[in-house]
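What you see is a predicted model; the values in this text were computed from it and never measured. Only heavy atoms go into these numbers, but all of them, side chains included; no hydrogens, no water, no symmetry mates. Each chain gets a letter, A, B and so on, in the order the sequences are listed, and its residues count up from 1.
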2 protein chains.
Amino acid sequence: MLKLSKRVEYGLLAVQEMARSRDTVVSAKDLATKFSISFTLLSKVLQQLVHAGYVRAYRGTRGGYALNVEAHTLTVANVIEAIEGRTAAIVDCQDVGEHDCSVSSCCTIREPLAVLRDRIADTFSSMTVAELVQPQVLPHVQTVQLVI
Amino acid sequence: MLKLSKRVEYGLLAVQEMARSRDTVVSAKDLATKFSISFTLLSKVLQQLVHAGYVRAYRGTRGGYALNVEAHTLTVANVIEAIEGRTAAIVDCQDVGEHDCSVSSCCTIREPLAVLRDRIADTFSSMTVAELVQPQVLPHVQTVQLVI
DNA sequence: GAATATACGACCTTTTTAGTCCGGAATTCG
DNA sequence: CGAATTCCGGACTAAAAAGGTCGTATATTC
């Protein structure tokens, strides 16, 4: 249905919160309580972000998580990819190594949809966690496409 | 996982095919056979496009479907919305009349995510069915955002 | 009237997502 | 040390969404 999963939503909430409190680590428990979300599910998401290298984990009492990169270099696309595996595929036949789409079927719309997929990926790459914390207050933004 | 549903994929295939053969009606059976997809599911999708007014249905022998609008005025966003109900919500709390997201939780990322949602909606609106039939051959397209 | 095609609701199956449980390992602190 | 705390990670269950089927009704052509 073209919606971000809870996992990604939780991941974004987490990294945003980490970006807000750069000086201290935040535990999964604190985050789950603050946002009233599932502790265990959030934990798994955090582990994925650790694996991706975006977040660093500290075990033991007073442990928790902290950003391992600068908030302005971490994009929403990075978070999505770390959690979902891939930013956006749009349709099945665009997954890598997928060549058995019903023969003549989707191959006629594959190319134009690939363009859309790339534009959407660009969109997710265009916003960083830093902007998630402090949204840009722009009077009005118009998106145009330049042919270069 | 942020992917278009089969329903939307079938819908796009259908309208694209109708745009290719403007002079004749195409039956659901023909479309299902041509693309090797489920006839009944495709039929439901076509009915949704009829309800939205984008496609016109002709019953009886030699009946079928035909576009009810110009291909260059029908956008991919139109098709998605007709079939899925809404273009893109990104997260639950952005659905209309949804104000009970876990209190403090998503409200901190709601605003910036709304920006992304709008940009994605723009992306889907930027491509018409006519372009689906004859993809624009652009050497390279760069998207920029102008503050006006 | 027979054949063909859409209309549409009820139903079933499969896949995905969301969420739980539990044993284990590292770290802090008394 | 040992207990409390916190991350780690796999196995598992439940709920929701997506994909797909079936049957019946209605309209149209020949």
What's the closest nucleotide to the side chain of [X] if the choices are [options]?
| X | options | answer |
| --- | --- | --- |
| A:Gln47 | C:dC29, D:dC8, D:dT28 | D:dC8 |
| A:Ser38 | C:dC29, C:dG19, D:dT28 | C:dG19 |
| A:Tyr65 | C:dC29, D:dC8, C:dA18 | D:dC8 |
| A:Tyr10 | C:dG19, C:dT6, D:dC8 | C:dG19 |

Using whole Å, what does the distance between atom [atom2] of nucleotide [N] and atom [atom1] of [X] come to?
| X | N | atom1 | atom2 | result |
| --- | --- | --- | --- | --- |
| A:Phe39 | D:dG9 | CZ | P | 14 Å |
| B:Leu49 | C:dC8 | CG | P | 13 Å |
| A:Lys6 | C:dT17 | NZ | P | 14 Å |
| A:Leu42 | D:dT6 | CG | C1' | 13 Å |

* Minimum heavy-atom separation for A:Leu49 to A:Ala82, with atom names? ->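 Nearest pair, atom of A:Leu49 first, then A:Ala82: CD2-CB, 4.0 Å.
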
What heavy-atom pair brings B:Val133 and B:Gln16 nearest, and what distance separates the two atoms?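 Between these two residues, the closest heavy atoms are CG2-O, 3.7 Å.
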
- Query: Should A:His51 be listed as having a side-chain N or O under 4.0 Å from OP1 or OP2 of D:dG9?
  - Reply: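 Yes.
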
Residue pairs passing the side chain to side chain donor-acceptor pair (under 3.5 Å) test where at least one lies in residues 55-75 of chain B, sequence neighbours excluded: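 Pairs touching residues 55-75 of chain B that pass the test: B:Thr75-B:Asn78.
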
Can you give me the N/O atom pairs linking the protein to nucleotides 22-25 of chain D at distances under 3.5 Å, or say none if there are none?
none

- Query: Do the non-hydrogen side-chain atoms of B:Glu9 and A:Ile109 ever get within less than 4.5 Å of each other?
  - Reply: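 The answer is yes; the side chains approach within 4.5 Å.
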
Heavy atom of residues 17-28 of chain B under 4.0 Å from DNA chain D: which residues?
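Within residues 17-28 of chain B, no residue comes under 4.0 Å of DNA chain D.
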
Quiz item: DNA chain C: B:Gly64 or A:Arg7, which has the more 5' nearest nucleotide?
Solution: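 Closer to the 5' end of DNA chain C: B:Gly64.
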
- Of the options B:Val45, B:Leu13, B:Leu46, which is the one that meets B:Leu31 in a side chain to side chain contact (heavy atoms under 4.5 Å, CB included)?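 By the side chain to side chain contact (heavy atoms under 4.5 Å, CB included) criterion, B:Leu31 pairs with just one of B:Val45, B:Leu13, B:Leu46: B:Leu46.
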
